[in-house]
Amino acid sequence: MKKLPFYRRPGRVGKFTGLKERMVWQLSKGPLTGTELCAIFGYSIGEFNKVVGKYIGVGKVVSISATEWFIRDDGARDRIYQVEKKAKVVVPRGRSQVFTRQTLLNVDPDKRQACIDKASKRAGFIKAGLYFDELESAI
């Protein structure tokens, strides 16, 4: 299965590290309830409900939505989660996007050669240990 483009910034390392990324990966297959997600990840429904609230409806890369709360047969509260906005690659401002072979083949020959020249200069700076992000605009 193809993994969706997503960039994890876990913050604190612990039990829930990378939870949003793992949720997106599971929810890309289809909507799931909180109980099903807990069974997959090995959490209890109570601790999962406490943590997952901060991931609902926010994010530049991907957004997760949830239905209203409902009560399960055993009395626990649960929701159905799904991916609201497809995952996309977000390139930070001030940095150029990486060029792939396919994009280079589809580019105008003059621009293609300019990209190849920039890449060779960049490779030389990296090899010499002189490259840093601010240098990109000067190349």
Does anything in residues 45-57 pair up under side-chain hydrogen bond (donor to acceptor under 3.5 Å, both in side chains), and if so which pairs, sequence neighbours excluded?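 Listed by first then second residue: Lys15-Glu47.
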Quick check for you: to the nearest 0.5 Å, what is the distance between Lys20 atom NZ and Ser63 atom OG?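 Nearest 0.5 Å value for the NZ-OG distance: 7.0 Å.
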Kindly indicate, with the supporting measurements, whether the criterion side-chain hydrogen bond (donor to acceptor under 3.5 Å, both in side chains) is fulfilled by Thr33 and Arg79. CA-CA 6 Å; Thr33 63; Arg79 287 175 149 177; over 6 Å; no
Compute both the distance and the angle, then confirm whether Arg77 meets the cation-pi test with Phe70: under 6.0 Å from the six-membered ring centre, within 45 degrees of the axis.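 Output no; distance or angle outside limits.
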Salt bridge (charged side-chain N to carboxylate O under 4.0 Å, His left out): pairs with one or both residues in residues 31-45, sequence neighbours excluded: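 Every candidate salt bridge (charged side-chain N to carboxylate O under 4.0 Å, His left out) pair involving residues 31-45 fails, so no pair, neighbours aside, qualifies.
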Indicate yes or no: at least one non-hydrogen side-chain atom of [X] is less than 4.5 angstrom from one of [Y].
X     : Y     : answer
Phe16 : Val51 : yes
Gln82 : Ile64 : no
Ile40 : Leu32 : yes

Between Arg122 and Lys118, is the side-chain contact (heavy atoms from CB on, under 4.5 Å) condition met? List the steps. CA-CA 6 Å; Arg122 189 180 312 114; Lys118 278 177 96 172; 4.2 Å; yes
Heavy atoms only: give me the nearest [X]-[Y] pair and the separation to one decimal.
X     : Y     : answer
Ile80 : Pro31 : CG2-CB, 4.0 Å
Gly34 : Ile45 : C-CD1, 3.7 Å
Phe48 : Cys38 : CB-SG, 3.3 Å

Apply side-chain contact (heavy atoms from CB on, under 4.5 Å) to Tyr81 and Ile56, showing your working. CA-CA 9 Å; Tyr81 299 94; Ile56 305 300; 3.6 Å; yes
